[in-house]
Each structure stands twice: as structure tokens, then as C-alpha cells.
Protein chains: 2
Amino acid sequence: MSVSTVSKALNNNSSISTFTKERVVKLANEWNYIPNEAARHFKQSKSFTLGLVIPDLMDQFYIQAINGVEAVAGHNKYQVIVAQSHEDAEKEAQIIQNLISSRVDGVIIAISKSTKKTELFQRLEQTGIPVVFLSRSLNDSAFDAVATDNENGAELAIDYLVKKQHRRIAHLMGPRALRTSHLRLQGYRCALEKRGIPFDPALVKEIDFSAPQTNKVMKALFALPDPPTAFFTFKSYVSLDALRFIKDRYPQQLQKVDIVGFGNLPLIRYLDHKPSASIDENSFDMGTAAAQLLLKHIDNQEEQALPVSTVRIPCKLIVHH
Amino acid sequence: MSVSTVSKALNNNSSISTFTKERVVKLANEWNYIPNEAARHFKQSKSFTLGLVIPDLMDQFYIQAINGVEAVAGHNKYQVIVAQSHEDAEKEAQIIQNLISSRVDGVIIAISKSTKKTELFQRLEQTGIPVVFLSRSLNDSAFDAVATDNENGAELAIDYLVKKQHRRIAHLMGPRALRTSHLRLQGYRCALEKRGIPFDPALVKEIDFSAPQTNKVMKALFALPDPPTAFFTFKSYVSLDALRFIKDRYPQQLQKVDIVGFGNLPLIRYLDHKPSASIDENSFDMGTAAAQLLLKHIDNQEEQALPVSTVRIPCKLIVHH
DNA sequence: TTGTAGGCGTTATCAA
DNA sequence: TTGATAACGCCTACAA
């Protein structure tokens, strides 16, 4: 029997008789034959592989996103290669180089904090490898992206706090250098005004994610003539620092104050004093959306270029008990 | 210029003149030529890729192990493919099948809780793909493995507690079905006896990792005529449950009691009431050791089979402040 | 329904 | 020092 017959039989080609197919499959099993995917991909000049570049696997936000990507990829017979940039733009560049070398069919990337250049991503696209940015993206809007719907998340947080009768809601905003910080601030402001609560700039404080800095602004906020009774934070690690400040300095306020921040950290469930709620960014869904978008591009390779699209994934309010 | 000349030039083959090499490299850069690794691997029938199978990426213990594997692999020009079994033996089997298909050069695996069969691992070895078990392994000792030095970890824990003047040290042991549980119990017992403290079976309680079960045994321990003043737990999640029990039921004991368990969970640093210490299993080192062992086998392919070896990675005591 | 032959990109061998 | 050619394992037209 010829190799081509065997190949067709194993690929369930319609031109092969059922009898032959059965014989082939039987022998293949008996002999533990496993096709060489590498050769297959090489021949088809398609690797059925997606590259997924992540800043840091210790961050469980990304783990969930990976799970989302893997779910969609697996469902479509694609493999996923995960690589870590460790927040290092050079390492990231090396990874992308490797991904091009191994001829992945597409790349999903959450860029490192230090990534500035758009050049490598253009190179990817030129090479015919579509790219989707996940969560973090360049300001350059020439690429597809999947990101948190920050306004929506802020809206959920403010809605929750206002429904709990808070009127003086502070915002610990992220560094102004990040676009996300502005989006969340914007969402906070809109949500307040939509509910007839005037925006008070005195209640907005920029933080840099360090505990001392957070303590400093918390101190300032509590020193106001009309101090806030609730806090909306840029991310939950800030909520934890804020909470600790209150425990240490205003323990009598602990039960009255409410704190909500972005990021539903799994570790919160182990805390005695939890933030009141978290804005879950649905990173699993971000992963699935990114993978779907990427696959759409991959399947579209030949045809006309698809328009650039940015998908915003809505958030979910998680109340901690 | 012929393809073979170019190939040799790019691979820095000694039979090519410096002049030609320079010209080739220059043009390759200009034209953004990136060699097709897939074809290369195919031709060399070597993928320079290690498969790494992990039960669950949400467990940061494994993330550190991955980092260790990647460090060694990268240093030796090997790629790492990480796959999750999600504790499902069937999914795990599928992953191994895929790894064989893609002709990885070796596999490192932390088996799922439900993995029983040794067949697939034998298949891997037959196919010429060496396997190293990481952290968790089959009872079958026919395979190489890298694991925690459980006796050493127990010794560290008991040493710490005895130095803090404890004489009544309970052990919340893991399920008897796990070999690790027995090893840690054994280490506990030896360490006590070495320090002249008689082993008291009444101080040993089996737990199943559920909070209610832990509460039950804690209650029993405190009801003893001579209750323990310290606790050595199978893992830190159990320490957390034990701690909560004490906070709820014996708050006055909170400052007196010491708790030490296996596993240095990153989340501990966010707790108000921490276990006194943790036994860090050095999972990064486990990763590097596993990768080194695997590479040794890969490089040894042709030659005589290496003897089966089990590497025990020593632990580290981490005191929480 | 089955078999033959060519080719995917690279490297190794051998000839020039 | 360089070039021609075969081979890696698989798939796919096309021929039988």
C-alpha cells in the first residue's frame, strides 16, 4: 500500500474505501503510529499555532486570559505557545522574533510596561502574521485590540457605591502616564454626574501603586473638611493598601467605609477585612475574544483586509462577603 | 549565489569565506529574512522544544517551576511549550499525544491528581522522548523525577518550632492516599525524636483540605488534656484554615500559637494574621533541576541509557513578619 | 479506488 | 571556497 493511500486514509479522504481506511487505522494503532505534525505543518506552511505573549505568569489576571485563549484555540484545533516577557521590551522583541521563526499563524500580546516601538508589530503583519493586543495596547490604533471596558467598570463601581448611599466617593486614580487611568477617571466622573453627584476634584488623587504613596493620599483625603465615605481605586492592590491605612489610622471607620477597585484578585477571599467589592475584568472573556478576533484574521488571510477593531469587554461587579 | 552557500553562511560554517558571510548576513538583514525554524527542525528531526505539562497555572507554585524550566531551556537554546491538564487525566493524555505529534525533544510533567496509568509515559520513552516527573510523580520508580525533599522540609519546620520552645506540636497530615503525606509525617516524627520529643499519635490528624474537616480536627486537638501549642500542616492553605479556626474559637491563643506549613504562598504577605512561617519548596529550583536532568537525557540519546534518578530539592524556611 | 511524483525550506554530502 | 543534489515526512494533483 502506498504512502499516499495511508495519508488519505488517515485523513479520512473520501476517495478511499471504508475497508482500506479501517485496515490502515487498525495498523496505525497497532504500530503506535503518530503522524509528524512538524512535517505536516511544514508542508502546509501553516503551524496551527498561536503565539501568546504575556508580561508575567505570576499575575493571575493573565492566567485566566490564557485559559480563554486556549479554550477558543483548542476548539479550533489550534495550539497555543505561551511566552513571558517579564516586562522587558528586549525579551519581548526576542520572543516575537522566535514566533516569526516558528511561523506561528497569529500572535496575541499583552505588551510589557516598557514596550514603546511599534516596529516589530508592523513586521509581524508584513510577514502575514496577524496580531491582536490584549488588555494593554499601544496608543497606535493601527492594530486590533481587546481591552477592558474601563468606563463600564467605573460605572459599575460608582453605581454600587451610590446605591449604598455614598455621596462623597474618592477616586485613587492610576498614573497619568497610562491611558487606562484617564479612562477610569472619565468613567468615574460620568457615572457620578449621571447620578446627580457633582464631580469634586479634591476627591481625586493620583497614586503610583506604592503603599507609602497610597497612605499619603489617604491621609490627605481624611483630612478634608468633608472627607470621603467611599473609595473607588484604580486596582485592588491599591484597595488593600487603602484598607490597611484605614485599619491602622481610622479603625472606627472600618465598618462604615466602602472600597471598590478594579481587579478581582483571588487572594481577596483569604482576607479578614476585604474590600467591599471588586470590578472583575472578565479576563477569561478577554482571552476568548482575542482568540476569536485573531482566528478571524487568520481565516481571512487571502481576502480583503479586515477593518481594525477594538473590542471592549464589559466588567462584572463582584461583592465580597 | 546558491541556497546552500547562504545556508552555510548564516550558520557560520567554516568553509565559507568571511567576505561571503558578510554579504549574506547584510542582505538577510536588509530583506528581513527570518529562517523557517519549522523546516529546520523538520530537516534535523529535532525540535529544540521541551513539553511542560502542568495541572493548573492558577497555582503559583507551578509558575515558579515554569520559570525555572524556561531559564535552563532558554540558556540551552530550547523552547518550552506549556500545557495545562486542569487535573484531568484524559486531557493530560491528549496533551502527551500532541507533544509526541509535534516531536518535542523531551517532556517534563507534573501529573494530574487523577493520573494512574504509566502506559503513556512508557510510550514517550519508547518513542525516544525522555520524561522527567516534576513534584508529583507516579509510584512507579522507572522514571526520573524531581521532587520536594519532604523530610528536609518537615525537619526545618520542627526545628523552627522547637527552637521557639514548643514541645506539643501537632501535625495536620495530608490524605493517606498520597505518598507525600507519609513522607512529611515521617519527617515530622524523625525530627521530633531527634530532638528528644516523644512522638504522640494523638497529635497527628489527617485532613482532606476542606475547611470543615480542618475545623473538626482542630477542635479535637484543643480538647485534648494537653493540647498542642504549635501546628505543622501539610500545606499552607490548611494553615490558613487552622488560623481562622483559632481566631474564631480561641482568639486569646492567637499570639501564643505557632503554625508552619508547606508552601510559601505569595498571598500570605497580604494577610493580617499570617502563619508564623512557611516551608518554601523552591519550585524554581525544581524547575531548573528538572530541565537539567531532561537535557542530560536528550544529549545522551544515542549513548547508553542513563540510570534512573530522583532528585530531591531541599526546602527553605520562610518566617513571616 | 489506489498509486505516482513533486514540492514545502533547510541542511548535509559530495562534486566542482 | 562554492554549488548541485538528495533527503527529511507529509500532502495533493493527477495519472492509472
Side-chain angles (χ1 to χ4, degrees), chain A residues 1-49 77-79 97-105 123-124 126-129 298 301-302, chain B residues 1-49 77-79 97-105 123-124 126-129 298 301-302:
Chain A
M1 193 177 296
S2 75
V3 277
S4 67
T5 307
V6 174
S7 168
K8 286 174 199 160
L10 290 175
N11 289 310
N12 203 18
N13 186 306
S14 62
S15 78
I16 298 293
S17 70
T18 320
F19 175 62
T20 306
K21 279 182 194 167
E22 278 170 3
R23 280 196 307 159
V24 168
V25 169
K26 184 160 168 292
L27 275 183
N29 280 334
E30 257 173 48
W31 296 348
N32 281 332
Y33 169 78
I34 300 187
N36 185 330
E37 284 297 323
R40 201 172 204 160
H41 297 162
F42 169 52
K43 160 70 183 163
Q44 303 186 341
S45 59
K46 182 153 169 53
S47 62
F48 283 96
T49 300
K77 311 284 179 209
Y78 277 77
Q79 238 192 123
Q97 189 84 359
N98 290 342
L99 291 175
I100 299 179
S101 292
S102 21
R103 301 295 192 266
V104 293
D105 297 326
R123 172 96 59 90
L124 274 166
Q126 280 161 19
T127 321
I129 303 177
I298 292 173
Q301 214 87 84
E302 330 282 305
Chain B
M1 195 178 292
S2 76
V3 276
S4 61
T5 307
V6 173
S7 168
K8 286 173 199 160
L10 289 174
N11 288 309
N12 204 18
N13 186 304
S14 61
S15 77
I16 300 292
S17 71
T18 320
F19 175 63
T20 307
K21 278 182 192 167
E22 279 170 2
R23 281 197 304 161
V24 169
V25 169
K26 185 159 167 292
L27 275 182
N29 280 333
E30 257 173 48
W31 295 350
N32 280 334
Y33 168 78
I34 300 186
N36 185 329
E37 285 296 323
R40 200 171 205 162
H41 297 162
F42 168 52
K43 163 69 180 163
Q44 303 186 342
S45 60
K46 180 149 169 57
S47 63
F48 283 96
T49 299
K77 312 284 178 208
Y78 277 77
Q79 237 193 124
Q97 189 84 359
N98 289 342
L99 291 175
I100 298 179
S101 292
S102 24
R103 301 295 192 264
V104 294
D105 297 327
R123 171 97 58 93
L124 274 167
Q126 281 161 19
T127 321
I129 302 177
I298 291 173
Q301 214 88 84
E302 330 283 305

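Quick note on labels: first sequence line is chain A, next is B, and so on, each numbered from 1.
Picking from D:dT2, C:dG9, D:dC11 the nucleotide with the shortest atom distance to the side chain of A:S7 gives D:dC11. Taking only side-chain atoms of B:F42, from C-beta outward, the nucleotide of C:dG9, D:dC11, D:dC10 with the closest atom is C:dG9.
Atom CG in B:L10 sits roughly 16 Å away from atom P in C:dG9 (whole-Å rounding). Here D:dT12 presents its P atom at 12 Å from NE2 of A:H41, a figure rounded to the nearest Å. Regarding A:K46, its NZ atom lies at a distance of 16 Å from the C1' atom of C:dC8, rounded to whole Å. For B:I100 and D:dG9, the CD1 to P distance is 17 Å, given to the nearest whole Å.
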Could you walk me through whether B:M1 and B:V24 pass the side-chain contact (heavy atoms from CB on, under 4.5 Å) check? CA-CA 9 Å; B:M1 195 178 292; B:V24 169; 3.5 Å; yes

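Between B:S4 and B:A39, the residue whose closest nucleotide on DNA chain D is further toward the 5' end is B:S4. Comparing B:V3 and B:S17 by the nucleotide of DNA chain D that holds the closest heavy atom to each, the one mapping nearer the 5' end is B:S17.
Remark: B:R40 is not in phosphate contact with C:dG9, judged by side-chain N or O atoms under 4.0 Å from OP1 or OP2. Between B:N36 and C:dC8 there is no side-chain N or O to OP1 or OP2 distance below 4.0 Å. For the OP1/OP2 pair of D:dG3 and a distance below 4.0 Å, the side-chain nitrogens and oxygens of B:T5 include at least one atom meeting the criterion. Distances shorter than 4.0 Å separate some side-chain N or O of B:T20 from OP1 or OP2 on D:dT2. One finds no side-chain N or O of B:Y33 lying less than 4.0 angstrom from the OP1 or OP2 phosphate oxygen of C:dG9.
The base of D:dG3 sits within donor-acceptor range of the side chain of B:K8, with an N or O pair under 3.5 Å. Side-chain to base pairing of B:K43 with C:dT11: one donor and one acceptor N or O lie within less than 3.5 Å of each other.
Residue A:I298 comes nearest to A:Y78 through the heavy atom pair CG2-OH, 3.5 Å, listed as atom of the first residue, atom of the second, then distance.
Distance CG/A:N36 to NZ/A:K43: 14.5 Å, rounded to 0.5 Å.
No contact: A:F19 has no heavy atom under 4.0 Å from any strand.
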